[in-house]
K.L.:
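Sharing a structure, written as structure tokens. Questions coming.
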Amino acid sequence: MRIYLQLLGQKRFAALCFGQAVSLLGDALFPIIIVVSAAQAGTPAETIGAAFAARFLALGGVVLFSGALLDRINPVIAAVGADATRVLALIGLALFWDGNLDAVVLAVAIVVGLCEAVSEPALLVIAPRVVAAPHPGSAADEEAAESRITAVYGLLEGMRNTSGIAGPTLAAALVSLISPSAGAVAAALAFGLSACATRWAGGRYAASHSSTPKADTAPGKSDEQHQSDESDEEKRQEPLLRSALGGLAVLWRVQWLRNVQVLAVVHVLFAVGPWMVALPVLLIERGHSAGVYAFVLGSFAVGTVVGAFLGGRVRGRRRGLYALGLLGLFGLTVLAPVVTDSVLLLMAAFVVGGVGQQAFDVVKMAGLRREVPERLHGRAFSADFFFSFASLPLGQLLGAALLRFLAVETIMLWGGVLVLVTTALAMLSQDTRRFASGAIPAADDRSDGHGERKQPEDSAETISAERAQDVRTR
């Protein structure tokens, strides 16, 4: 816990954590506004579903492009702009909304989804850069720097998850006691505070980038530096679609990242999605109330808080093995409703699953940042989010279809076995056990379309030099 206290002692990082905690309150308010308004107006379930679908389709549809954008512009400005846009949209909702779920709400839902697609990966890019660099000779070596970055992600996710537990309750109380319009104003205020906190916290990041001299104003630059400037200029001129697809390519070309992404898609599509659909059905069939369902999900959320802090301390050459072992705990959570009907045991199992899932995610995020050059961070984090997010709706549709042919217990049984078996198979790869690999091919290698020109892949020396530069500028 000492390293977490040290990180919170850095004002800029503490401000970033505060901004994200407040922002999550704004995120929680918007769906509560929709649900309460629908209940008051007697809106059919199809309309409520359309509002939620509009938000998540906007989020999933542009997240790859937002990653390409983040690699071209200052991610601090992008994150602040996303918060500011949500402020304006929610103020407009409060002023012009008549209480019905109509085109105004759908438009705001789309805007909120688009902004989330920018702010989520931007946060992962910004967070390690707002922490002051360690003193030379103490923790400047690569292993200490990696441990510090992992702790940054662990603390950030832990605080975000803590806010995520309290946020929906506070949001529901506010909207129910006052009005949906008041909830929209409160959400706008939350995003406004988040924008201010993120802008101040990211001041060091912005300064480090704005102070970098241009190629034509820096005499004495080496040929390698000029080539890097030319590469950056080509990157900005590259079509956005091609650049966005480069995010998928960089994850696919690194063996352990490819294995982890395939594992995520398999889990979400064939285990998590069907499990999310089957769980409430199983609890209702056994005579439990909706309150039991809420308690069980709340237990999982509590586990994610603990898992974030635990994952922030996982390090060493076997970090991938430890992370995968923790992920395997989620398989036991999926199996728990099959083997027990005790609410207390179910809650305990869901705490354990939350711990394992979130700890794995934290270690993976730190490893992704370490393996991928800084110029590709925006695209890499966006692609990672896309792999996990895009298959969830399909998994839920699959779960709904399976319920027509299979018993609920059967769906959960096979889902839990799938998680355990596939996670164990991932451990067979040495790179995956270490969450590390050798040289990383560049994501933006490209030809002229006829195979006549292709930039050489990044060598191990080039990647090492970029990582060293990243450490010096943190």
Side-chain angles (χ1 to χ4, degrees), residues 1 3-4 124 128 141-158 161 250-268 270-272 300 303-336 349 351-372 380-381 383-384 387-388 415-440 460 463-464 467:
M1 293 299 293
I3 190 171
Y4 293 133
L124 301 179
D141 57 277
E142 184 177 348
E143 187 64 30
E146 171 66 16
S147 176
R148 176 169 145 269
I149 290 172
T150 306
V152 165
Y153 284 131
L155 179 57
L156 182 64
E157 291 300 309
N161 290 338
V250 72
L251 297 187
W252 193 254
R253 294 179 184 183
V254 180
Q255 181 182 359
W256 77 265
L257 286 174
R258 178 173 67 248
N259 293 344
V260 167
Q261 300 307 323
V262 172
L263 186 67
V265 172
V266 170
H267 282 189
V268 173
F270 298 108
V272 178
F300 189 86
T304 62
V305 176
V306 178
F309 291 116
L310 176 61
R313 304 306 299 140
V314 174
R315 55 191 185 277
R317 294 183 178 181
R318 296 182 179 180
R319 54 186 162 240
L321 182 62
Y322 301 146
L324 288 168
L326 288 165
L327 179 63
L329 296 176
F330 179 72
L332 301 179
T333 301
V334 178
L335 289 172
V351 169
V352 170
V355 170
Q357 181 71 54
Q358 187 62 69
F360 172 83
D361 286 341
V362 168
V363 182
K364 180 191 67 173
M365 286 188 291
L368 187 154
R369 187 184 187 277
R370 179 188 64 253
E371 289 288 312
V372 177
F381 280 119
D384 176 69
F387 272 118
S388 299
V417 171
L418 177 69
V419 170
L420 293 173
V421 172
T422 53
T423 302
L425 289 175
M427 296 179 183
L428 298 178
S429 167
Q430 181 180 0
D431 284 356
T432 309
R433 292 196 301 269
R434 297 185 299 118
F435 273 13
S437 62
I440 305 169
I463 299 299
S464 298
R467 291 174 183 163

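Computation of the quantities below employed the complete heavy-atom set of this structure, encompassing side-chain atoms and omitting hydrogens, waters and symmetry-equivalent molecules. Nothing here was measured: the structure is a model prediction, and the numbers come from that model.
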K.L.:
Is there a donor-acceptor pair closer than 3.5 Å between any side-chain N or O of Tyr153 and the backbone N or O of Lys364?
P.N.:
no
K.L.:
Kindly write out the residues that satisfy side-chain contact (heavy atoms from CB on, under 4.5 Å) with Arg319, not counting sequence neighbours, or none if the list is empty.
P.N.:
Glu143, Glu146, Val314, Val363, Arg370, Phe435, Ala436
K.L.:
When rounded to the nearest 0.5 angstrom, what distance separates CG in Leu425 from OG1 in Thr432?
P.N.:
11.0 Å
K.L.:
What is the distance from atom CE of Met365 to atom CG of Asp384, rounded to the nearest 0.5 Å?
P.N.:
8.5 Å
K.L.:
Does the side chain of His267 reach to within under 4.5 Å of the side chain of Thr423, using non-hydrogen atoms?
P.N.:
yes
K.L.:
Which heavy atom in Gly158 sits nearest to a heavy atom in Val305, and how many Å separate them?
P.N.:
O-CG1, 4.0 Å
K.L.:
Would you say Arg317's side chain and Arg434's backbone share a donor-acceptor pair under 3.5 angstrom?
P.N.:
no
K.L.:
Can you list, pair by pair, the side-chain donor-acceptor contacts under 3.5 Å of residues 327-334, counting residues two or more places apart and other chains?
P.N.:
residue, atom, partner, partner atom, Å
Thr333, OG1, Leu329, O, 3.4
Thr333, OG1, Ala349, O, 2.8
Thr333, OG1, Gly353, N, 3.1

K.L.:
As an exercise, state the distance from CG of Leu263 to OG of Ser429, rounded to the nearest 0.5 Å.
P.N.:
11.5 Å
K.L.:
Which value, rounded to the nearest 0.5 Å, describes the distance between Asn259 atom CG and Asp431 atom CG?
P.N.:
8.0 Å
K.L.:
Checking Ala264 now: which residues fulfil side-chain contact (heavy atoms from CB on, under 4.5 Å) with it, not counting sequence neighbours?
P.N.:
Ser388
K.L.:
Between CG of Leu368 and CG of Leu251, what distance do you get to the nearest 0.5 Å?
P.N.:
5.5 Å
K.L.:
Taking it one step at a time, do Phe309 and Leu155 satisfy side-chain contact (heavy atoms from CB on, under 4.5 Å)?
P.N.:
CA-CA 6 Å; Phe309 291 116; Leu155 179 57; 3.5 Å; yes
K.L.:
If I compare all heavy atoms of Met427 with all of Gly325, which pair ends up nearest, and what's the gap?
P.N.:
CE-N, 3.5 Å
K.L.:
Under 3.5 Å, sequence neighbours excluded: what are the donor-acceptor pairs made by side chains of residues 354-362?
P.N.:
residue, atom, partner, partner atom, Å
Gln358, OE1, Asn161, ND2, 3.1

K.L.:
So, for Ser147 and Ile3, which heavy atoms are closest and what is the spacing to 0.1 Å?
P.N.:
O-CD1, 4.4 Å
K.L.:
Considering residues at least two apart in sequence or located in another chain, which fulfil the side-chain contact (heavy atoms from CB on, under 4.5 Å) criterion with Val266?
P.N.:
Val262, Phe270, Leu418, Thr422
K.L.:
Is the side chain of Arg315 donor-acceptor paired with the backbone N or O of Arg313 at a distance under 3.5 Å, no angle test?
P.N.:
yes
K.L.:
Taking side-chain contact (heavy atoms from CB on, under 4.5 Å) as the definition, give me every residue that meets it alongside Arg318, ordered by chain and number, with sequence neighbours left out.
P.N.:
Leu321, Tyr322
